[in-house]
Amino acid sequence: MPSGAEKRQPKYQRIATALKEAIAEGQYGPGDRLPGESELMGRYGVARMTARQAFAALQVEGLVEARKGAGVFVREFKVGLRRRGIQRLAVEVWGAGGSIWAADGHGRDPQVEFLGVSEEQAPAAVASALSLPAGAAACVRRRRFLLDGKPVMVATSFLDAALVSGTAIAEPDSGPGGIYARLADLGRKPVRFREEVRSRMPTPEEADRLGLVPGTPVVLVCRTAFTADGRAVEVNEMTLDASAYVLEYEFDAQ
């Protein structure tokens with residue numbers, strides 16, 4: 001028998017709660033199809049719209065996904081990338097001409113889709129980080145990363161345009177080792193990195209670029225690269241599909 005509090009809940013919410021409990025108890029596992037709208041209508045004596053509202057509530061929580069013409073399924077979380085935040089930035093990787101992104105895929109090399117390089121006015125926060133005067137130009141490099149054809153991350157790097165203009169950094173292909181190796185060629189080798197990590201729900205544009213299922217959050221990573229004299233030479237703003245990544249940090253106790 002439903003409790004008094006449960007009786008006061010909207011019908012769709014009671015149905016959603018019952019389905020959540022069934023998922024938690026293992027009655028429906030990852031990838032399993034949930035009862036259809038007609039079945040929920042008959043079981044709970046509700047209208048079709050109420051059944052749809054129950055499914056919508058589960059979608060908002062990221063527990064299920066609707067497949068057109070097939071029904072609603074318990075969502076499967078298949079983590080494809082383990083982002084080792086420290087090891088991937090080691091100079092032994094990019095200094096030897098390797099890709100820091102390839103390390104995330106564990107043999108499944110993520111595909112890099114280059115979206116463009118341009119000179120733009122640096123955003124205020126970026127200009128401050130790079131010690132640029134207000135209104136100064138930044139070299140902006142935009143990429144999207146795919147694993148098995150599925151977008152998993154978009155990244156935008158900002159660098160001092162006056163420093164990198166005319167170099168491979170301002171070209172689509174920055175060469176072996178990427179922009180960190182080219183900065184080293186310019187005498188601005190990164191020796192220290194700082195990453196700030198937070199999470200939120202995606203904007204419509206981010207959801208579109210990453211092909212996100214409704215209810216999927218994104219992880220935001222902002223990395224700043226510093227030279228030996230403490231000067232910031234790059235700010236990289238990354239937006240990750242939270243369902244595709246594990247962020248791993250391993251370090252010695254100090």
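Excluded from the calculations below are hydrogen atoms, water molecules and symmetry mates; all remaining heavy atoms, backbone and side chain alike, are included. All values derive from a computational prediction rather than experimental measurement.
Note that the CG atom of Leu58 and the OH atom of Tyr12 stand 11.0 Å from one another [nearest 0.5 Å]. If you take CG on Leu247 and CD on Glu195, they are separated by 8.0 Å, rounding to the nearest 0.5 Å. Taking OG1 from Thr227 and CZ from Arg192, the interatomic distance works out to 9.0 Å, rounded to the nearest 0.5 Å. Once rounded to the nearest 0.5 Å, the distance linking CD of Gln111 with CG of Leu146 reads 5.0 Å. For the atom pair CZ (Arg143) and CE (Met238), the distance works out to 8.5 Å, reported to the nearest 0.5 Å. Atoms CG and CD, from Leu34 and Glu39 in turn, are 10.0 Å apart once rounded to the nearest 0.5 Å.
Hydrophobic clustering of Ile, Leu, Val, Met, Phe, Trp and Tyr side chains at less than 4.5 Å, counting indirect connections, unites Val126 with Val140. Taking hydrophobic clusters as Ile, Leu, Val, Met, Phe, Trp and Tyr residues chained together by side-chain heavy-atom distances below 4.5 Å, Ile169 shares a cluster with Val233. Cluster membership for Phe226 and Leu186, using ILVMFWY side-chain heavy atoms within less than 4.5 angstrom, is not shared. Transitive grouping of hydrophobic side chains (ILVMFWY, heavy atoms separated by less than 4.5 Å) keeps Phe73 and Leu212 in distinct clusters. Connection of Val152 to Val219 is established within a shared hydrophobic cluster, with ILVMFWY side chains joined at heavy-atom distances below 4.5 Å, either directly or through further cluster members.
In terms of modelled atom types and a separation under 3.5 Å, the side chain of Lys20 and the main chain of Ile15 share no donor-acceptor contact. For Ser199 (side chain) and Val218 (main-chain N/O), a donor-acceptor pair under 3.5 Å exists by modelled atom type. Judged purely by atom type and a 3.5 angstrom limit, Arg144 uses its side chain to pair as donor or acceptor with the backbone of Arg209. The backbone N or O of Gln9 lies less than 3.5 Å from a partner atom in the side chain of Arg14, making a donor-acceptor pair. Under a 3.5 Å cut-off, the side chain of Thr17 and the backbone N or O of Gln13 do form a donor-acceptor pair. Panel note: side chain Arg231, backbone Ser131; no donor-acceptor pair is recorded below 3.5 Å.
In this structure Asp208 satisfies the salt bridge (Lys or Arg N to Asp or Glu O under 4.0 Å) test with no other residue, sequence neighbours excluded. The salt bridge (Lys or Arg N to Asp or Glu O under 4.0 Å) search around Arg67 returns Glu65, not counting sequence neighbours. With sequence neighbours excluded, no residue forms a salt bridge (Lys or Arg N to Asp or Glu O under 4.0 Å) with Arg188.
Cys139 and Val117 get closest at one heavy-atom pair: SG-CG2, 3.8 Å. Of all heavy-atom pairs spanning Arg48 and Ser38, the tightest one is NH2-OG, 3.6 Å. Shortest non-hydrogen contact noted between Asp160 and Leu130 is N-CD1, 4.1 Å. Nearest heavy-atom pair, Ala138 versus Phe158, reported as atom, atom and distance to 0.1 Å: CB-CD2, 4.4 Å. The two residues Phe145 and Ala155 come nearest to each other via the heavy atoms CE1-CB, 3.9 Å. Contact record, Thr216 with Met201: O-CE, 3.7 Å, taken as the closest heavy-atom pair.
Of the options Glu237, Glu234, Arg141, a side chain to side chain donor-acceptor pair (under 3.5 Å) to Ser157 is made by Glu234 and by none of the others.
Leu19 has its side chain within reach of Leu40: a pair of non-hydrogen atoms, C-beta onward, lies under 4.5 Å apart. Side-chain contact between Leu183 and Pro190 is present, with heavy atoms from C-beta onward closer than 4.5 Å. Two residues are said to be in side-chain contact when any heavy atoms from C-beta on lie closer than 4.5 Å; Thr167 and Asp185 fail this criterion. Between Arg182 and Pro176 there is a side-chain heavy-atom pair separated by less than 4.5 Å. In this structure, Val164 and Ile179 have side chains that are not in contact, with every pair of non-hydrogen atoms separated by 4.5 Å or more.
With salt bridges taken as basic N to acidic carboxylate O contacts below 4.0 Å, one links Glu206 and Arg200.
When only modelled atom types and interatomic distance are considered, Ser118 and Glu120 share a side-chain donor-acceptor pair under 3.5 Å.
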